[in-house]
Amino acid sequence: MQPSGIITLTTDFGQTDSYVGIMKGVILGVYRAACVVDITHAVMAQNTHQAAYMVQTFHRFFPSGTVHVVVVDPDVGSKRRAIVLQTPEATFVAPDNGVLTYVWRDALQRWGAAQLAAHELTERRFWLPEVSSTFHGRDIFSPVAAHLAAGTPITALGPPIVAPVEAALEQPTIGWRGALVGRIIHVDHFGNCITNVLPEHLEQSRMGERFTVEILEERLTHLSRTYADGEVGALIALFGSSGRLELAVRNGSAARMLGVGVGDTMRVWRV
Amino acid sequence: MQPSGIITLTTDFGQTDSYVGIMKGVILGVYRAACVVDITHAVMAQNTHQAAYMVQTFHRFFPSGTVHVVVVDPDVGSKRRAIVLQTPEATFVAPDNGVLTYVWRDALQRWGAAQLAAHELTERRFWLPEVSSTFHGRDIFSPVAAHLAAGTPITALGPPIVAPVEAALEQPTIGWRGALVGRIIHVDHFGNCITNVLPEHLEQSRMGERFTVEILEERLTHLSRTYADGEVGALIALFGSSGRLELAVRNGSAARMLGVGVGDTMRVWRV
Amino acid sequence: MQPSGIITLTTDFGQTDSYVGIMKGVILGVYRAACVVDITHAVMAQNTHQAAYMVQTFHRFFPSGTVHVVVVDPDVGSKRRAIVLQTPEATFVAPDNGVLTYVWRDALQRWGAAQLAAHELTERRFWLPEVSSTFHGRDIFSPVAAHLAAGTPITALGPPIVAPVEAALEQPTIGWRGALVGRIIHVDHFGNCITNVLPEHLEQSRMGERFTVEILEERLTHLSRTYADGEVGALIALFGSSGRLELAVRNGSAARMLGVGVGDTMRVWRV
């Protein structure tokens, strides 16, 4: 895999400080030709679960050989490892705290362990000379990402590890009377509520074509195909661009209409 | 017109999701040398009118041959067309729902219809292989913009159309006792209230140099030249960098002081 | 010093308007190869003090020869000067209203006046042809920055000046019973409260290793080394990545827990 020279950034740093700008300065200092792309800096502070979901959504749309940096790092300065994970298509640099859980599982399923490589970041010559105990995004992850984008092989960065830490990210479960019980894992800018229910969960539960989606007092008896399917103001359920079951309101916010957020449950019943 | 290789993005996607990052990944996948510039992703959700104003404000400051992508698209997945509009200076890619209204009218006035070209996007080989019904920003507009920036002629993208849809964007009217009745069409980050009143509206109404600007109980008897003209805390009216009549408060927010927002009316009286 | 071709932007323009996008269009029109990096556009409106702090935090992480543009400009259109400041490492373009105060003082201390150069921007051929009285970020600072990034020497831009305006940025003082009295100058995205107390202030006050940090009713008897040092929910004090004394709460917001913000005072007592 040739490096594409592209580096993406996903953090919980917000945009009111100079933290993100500093990371870009460090990257350009190591590799002036890098093309840095912001994904989002609005992950909920220190929410590694939401970060794990976010990373899964975008990486496959980038050219092969892109380096994805994820810095949601509540335990910075403690003994948690810093790692790099490489698939045949992309490279991920992150603290080893679960933010790569979905990406790792997808990669195992798609390519198998033999085609993946994960290393701990220990070689200090690829870091800033001075390493703080509070900002590894600047001191470790940014310079390492820049070296990777410039062609440094991941084997140079530190010893191999068996696997990244997998966070306990919740799967839908089977509840009372065989209902599939899912959970909202992200609320997007439009108020669409994205759940952890995938099409295969419905297949495995043998829901077929006929089922009811239920949240609070609302019951939806069919899936919509587009956001424009519903009447303005009406709640709909669909498999959106996330590939996950979403609750949405045409020209409105499902999260606000229902008063729900990340962590709330919903159910799917066979009819 | 040579392409500049620059692509701008104006959307209502916000910055809390990976939607904008995904569009950039798709663009760089098609045309690695593209230079992508964010204009704003904070257009009010599905507000095509505000988007139409926004696009008018910035395109002329970009190098000739820039591709401007506008994705405010409440009817994505329905039968609304996707289009490209080309003037002798710039190319615009957008859903055909009125977001190019001001740009189109300005271009007609400046160059005449013979020098403009508009095409429907129908040629799927310039799109992502798989097209969702919810995210044409990713599947159609981004790859098409990248192909345009790389030199694809707009004639290759689909059949010509006569004109883009023009939204019913409100012009100032003449009201009671000959007052010019305008409306706030945008409130900027500083709370400056930008109206749909242009200098030519005052000329056409023969306001001359002497007139009163009125909003709610406030009356302003002269135009200021700069934001620093007024006393701190006092309301002023001026033709700002938008080229439109604005209401402003020095070191403060006119929108908050007056309690007004997009859609509220103001009047100009001859003295 | 060779130009790096990189230009950073720090403004109070927010991201809901096209102002920042317009600046980038102007820059790319002058120098197509420029690499433009956003630092933040969320400086509090017209808060030149916060801008001065912000600029100090990031510039040293950028490659030598980078041009830093700061547009927090409450007096745009009045007689305040527009200036450029050059150190052996970087170039700063800004209104002459104090936003370069910290950078100027640091540079004087590090290199001495003989190695610094400051000029007023007066040569209109490096500006946009038409200069508004409301948006010098677009009309003057952006094109000048682009010319600098492309190699124009600062001597071409206007006559030398003796020094930039220094704002009255508050230093810690010695208060009742010898306490060092500091002030919060920035609250970051995580609610960490950054003060104007530097390590040398503690040395000069001969605090040694034993002192108490006090804010409101809270007393902290030792400095933490990392954000992860404290118990979840407990207030800690540390010298963070800003190099200044900060108040923080592990996995929480010190600003919200204490109900404090920019301008509030804290004390350091010798034990």
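Labels below follow one simple rule: chain letters A, B, ... track the order of the sequence lines, proteins then strands, and each chain is numbered from 1. Keep in mind that the numbers below use all heavy atoms, side chains included, and drop hydrogens, waters and symmetry copies.
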Item to complete: Can you tell which part of C:Thr8 gets under 4.5 Å to a heavy atom of chain A, answering side chain, backbone, both or neither?
Response: neither
Worksheet entry | Within residues 12-19 of chain C, residues adjacent to chain A where the heavy-atom gap is under 4.5 Å | C:Gln15
Worksheet item: Any chance CZ of A:Arg32 has more than 12 other-residue heavy atoms, nucleotides or ligands included, within less than 6.0 Å?
Response: yes
Discussion item. Within a 6.0 Å radius of atom CE on A:Met44, are there more than 12 heavy atoms belonging to other residues, nucleotides or ligands?
Written reply: no
Item to complete: Would you mind checking which part of C:His186 comes under 4.5 Å of any heavy atom in chain A, side chain (CB onward), backbone (N, CA, C, O), both or neither?
Response: side chain
Item to complete: Against chain C, label A:Val20 side chain, backbone, both or neither, depending on which of its atoms sit under 4.5 Å from a heavy atom there.
Response: neither
Worksheet item: What distance separates C:Phe62 CZ from A:Lys24 NZ, expressed to the nearest 0.5 Å?
Response: 8.5 Å
Worksheet item: Of all heavy-atom pairs between C:Thr226 and A:Thr134, which one has the smallest distance, and what is that distance?
Response: CA-CG2, 4.2 Å
Practice prompt. Inspect the surroundings of CD in C:Glu200 and state if more than 12 heavy atoms from other residues, nucleotides or ligands are less than 6.0 Å away.
Written response: yes
Fill in: Option that, when pairs with chain C are counted at under 4.5 Å, heavy atom only, ranks first among A:Gly29, A:Gly21, A:Cys35
A:Gly21
Worksheet item: Quick one: of C:Asp188, C:Leu238, C:Ile39, who has the most non-hydrogen atom pairs under 4.5 Å with chain A?
Response: C:Asp188
Item to complete: Considering only heavy atoms, give the residues of residues 69-77 of chain A separated from chain C by less than 4.5 Å, sorted numerically, with 'none' for an empty result.
Response: A:Pro74, A:Asp75, A:Val76, A:Gly77
Worksheet item: chain C heavy atoms under 4.5 Å from A:Ile27: which part of the residue, side chain, backbone, both or neither?
Response: neither
Worksheet item: Yes or no on side chain to side chain contact (heavy atoms under 4.5 Å, CB included) for A:Asp38 and C:Asp38, after CA distance, side-chain angles and deciding distance?
Response: CA-CA 11 Å; A:Asp38 298 301; C:Asp38 298 300; 5.5 Å; no
Worksheet item: How about C:Val37 and A:Leu28: do any of their side-chain heavy atoms sit closer than 4.5 Å?
Response: yes
Worksheet item: Do you know the tightest heavy-atom contact between A:Gly25 and C:Pro63?
Response: O-CD, 3.8 Å
